[in-house]
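Below you'll find the structure, written out as structure tokens, and then a few comments.
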Number of protein chains: 2
Amino acid sequence: MSTTHGATTQGARARARVEVTAAIKDEARRQLAADGAAKLSLRAVARELGMASSALYRYFPSRDDLLTALIIDAYDSLGEAAEAAHARAAGEAPAQQWIAVCEAVRGWAVAHPHEYALIYGSPVPGYFAPATTVPAAARVGYVLIGIVRDAYRGKGVAQWKLSAEVEPEAARLAGELAPDLPPAVAAVLVAAWAQLFGLVSFEVFGQFNKVVEDRESFFRHAAAQLAHHVGLVSPQPTGTGSASRAGS
Amino acid sequence: MSTTHGATTQGARARARVEVTAAIKDEARRQLAADGAAKLSLRAVARELGMASSALYRYFPSRDDLLTALIIDAYDSLGEAAEAAHARAAGEAPAQQWIAVCEAVRGWAVAHPHEYALIYGSPVPGYFAPATTVPAAARVGYVLIGIVRDAYRGKGVAQWKLSAEVEPEAARLAGELAPDLPPAVAAVLVAAWAQLFGLVSFEVFGQFNKVVEDRESFFRHAAAQLAHHVGLVSPQPTGTGSASRAGS
DNA sequence: CCCAAAGCAAGAGCGGTGCTCTCGTTTTTG
DNA sequence: CAAAAACGAGAGCACCGCTCTTGCTTTGGG
């Protein structure tokens with residue numbers, strides 16, 4: 001019964017392989033959520049799946065490779081959450097879209113703290129994350145770029161003057177990430193991208209303990225500031241103004 | 001020879017203890033810098049120090065306790081770097097002081113990436129950092145608060161309007177951190193604090209790979225933006241304007 | 001169709017880890 | 001000076017990542 005009547009892809013062996021691979025990753029994700037990356041053990045995963053630990057090496061050649069797979073999946077999961085939030089806020093004003101995506105990132109991080117730590121905490125495998133993770137890591141960034149680019153195409157965004165020092169780097173960034181955006185906007189956009197994850201990391205990693213109490217409101221406020229900062233005007237969503245400048 | 005002629009503190013045993021404790025931490029820090037926190041091994045530390053691994057448990061009851069000690073030391077080291085930079089920039093304008101402290105934080109982080117990962121990456125011991133680390137962790141924040149407070153006392157800083165949602169939290173933050181600062185300033189200050197470490201973390205953890213090339217200039221630009229954002233006017237330091245608003 | 005080749009599961013085993021317990025020895029202290 | 005506390009070393013337990021070898025099953029080409 002080899003190559004039966006035009007089945008989807010391959011024989012039973014190949015399908016079993018993807019199933020076992022998925023089961024391993026699922027169980028690993030369970031242990032990750034329960035005890036953190038440091039405690040994740042190949043032997044424990046194999047034990048829970050009822051297989052010999054050595055058999056597991058047929059699917060992942062090392063513990064770091066399993067971790068890397070989980071990292072990529074986490075990037076994708078976070079990226080999907082961000083893209084879904086963006087799609088949900090499609091009709092709203094750019095600043096509202098920005099805030100929605102930021103809140104989706106935060107929500108995902110709070111819901112999956114250990115997976116978040118895996119990708120935005122200390123990179124566990126080796127010293128650097130493998131290059132394979134780069135495309136998956138960029139998804140959130142692309143969503144944010146898209147919002148600002150659309151807003152810019154629509155009506156133009158605020159501008160910032162650049163110092164002579166950063167001007168070349170800003171021009172390079174704009175050329176590489178969003179050629180239709182002015183260099184100054186590209187520079188603040190990249191900075192805002194990093195700053196967003198600073199806010200999320202501080203909350204998830206407990207740095208806001210005993211400092212910020214109402215973290216949800218605080219984050220929304222900070223995200224609105226960030227939106228304003230990248231040039232998206234804040235639209236007074238529900239009658240409560242947010243982060244608009246006033247004299248001292 | 002108990003309680004001899006008024007020696008400094010205690011007998012030879014107590015002094016030996018602090019020396020051995022320091023030697024353990026030094027060797028642990030060496031291994032940390034070499035291979036990262038995940039590879040740090042009590043047995044390897046003991047081996048390098050020529051003592052039995054079990055003897056080491058007289059000084060640190062567990063691996064996590066050693067890590068915690070290293071975490072506190074790292075916070076202190078970073079805090080000292082920030083305070084030193086602040087002191088060095090004492091005479092300059094507030095925005096320059098802010099930028100100097102930010103650059104000191106970044107400089108320390110890139111010089112000690114594994115120690116930085118220990119404190120601002122995923123918290124390795126347990127799930128949260130122990131409460132003992134909180135005071136040491138706050139030092140950088142206090143420096144930043146001090147700069148803004150001094151600037152505010154001097155001439156007043158820019159203001160932001162707050163949404164009704166964050167207003168209580170902002171008032172609480174101001175009351176707790178800097179009673180002489182308006183709530184809106186306290187809120188953006190705390191956000192800027194987190195955002196600063198977002199920028200540093202992205203650089204140290206490799207998130208800027210293949211994205212930002214001239215990281216030093218980019219960081220200085222972002223730090224200047226942050227200074228502007230918390231209300232410190234940028235003083236056109238060397239004739240090159242930075243991050244001052246202009247219409248679109 | 002059949003048989004070699006490749007993929008797979010299981011077991012044993014190596015060196016390493018964190019941590020505990022016990023047992024002599026040394027230092028401090030009442 | 002003797003009791004108590006602190007110390008160092010060794011043996012040992014349970015666990016870890018990873019490798020190697022041994023049988024078995026699925027696959028694919030002649």
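Quick note on labels: first sequence line is chain A, next is B, and so on, each numbered from 1. Predicted, not measured: the structure shown is a model, and the values here were computed from it. Computation of the quantities below employed the complete heavy-atom set of this structure, encompassing side-chain atoms and omitting hydrogens, waters and symmetry-equivalent molecules.
If you check every strand for non-hydrogen atoms under 4.0 Å, B/Leu40 touches sugar and phosphate atoms only. Within 4.0 Å (heavy atoms only), B/Ala12 reaches sugar-phosphate atoms of the nucleic acid but no base atom. Residue-level contact check: B/Ser54 touches the bases, meaning some heavy atom is under 4.0 Å from a base atom. Within the 4.0 angstrom heavy-atom criterion, only backbone atoms of the sugar-phosphate kind lie near A/Tyr59; the bases stay farther away. Residue contacts for B/Arg43: at a heavy-atom cut-off of 4.0 Å it reaches a base atom on one of the strands shown.
Residue order along DNA chain C, read from the 5' end via each residue's closest nucleotide, puts A/Ala55 first among B/Pro61 and A/Ala55. Comparing B/Ser53 and A/Tyr57 against DNA chain D, the residue whose closest nucleotide sits nearer the 5' end is B/Ser53.
Following rounding to the nearest Å, B/Lys39 (NZ) and D/dC16 (P) show an atom-to-atom distance of 18 Å. Rounding to whole angstrom units, CD1 of residue A/Ile24 and C1' of C/dC8 are separated by 12 Å. With rounding to whole Å, B/Leu67 atom CG is found 10 Å from C/dG18 atom P. Atom CZ of B/Arg13 is separated from atom C1' of C/dT28 by 10 Å (rounded to the nearest Å). Taking atom CZ on A/Phe60 and atom P on D/dC18, their separation rounds to 13 Å, with Å as the unit.
Ring geometry for A/His221 against A/Phe218 counts as tilted: the plane angle lies between 30° and 60°, on a 0 to 90° scale.
A sub-4.0 Å separation between OP1 or OP2 of C/dT27 and a side-chain N or O of B/Arg15 is absent.
B/Tyr120 pairs with exactly one of B/Tyr75, B/Phe205, B/Phe202 by the ring pair (Phe, Tyr, Trp, His ring centres under 6.0 Å) rule, that one being B/Tyr75.
Between B/Glu169 and B/Arg172 there is a salt bridge, since a side-chain N of the basic residue sits under 4.0 Å from a carboxylate O of the acidic one.
Side chains of A/Gln225 and A/His229: no donor on one and acceptor on the other come within 3.5 Å.
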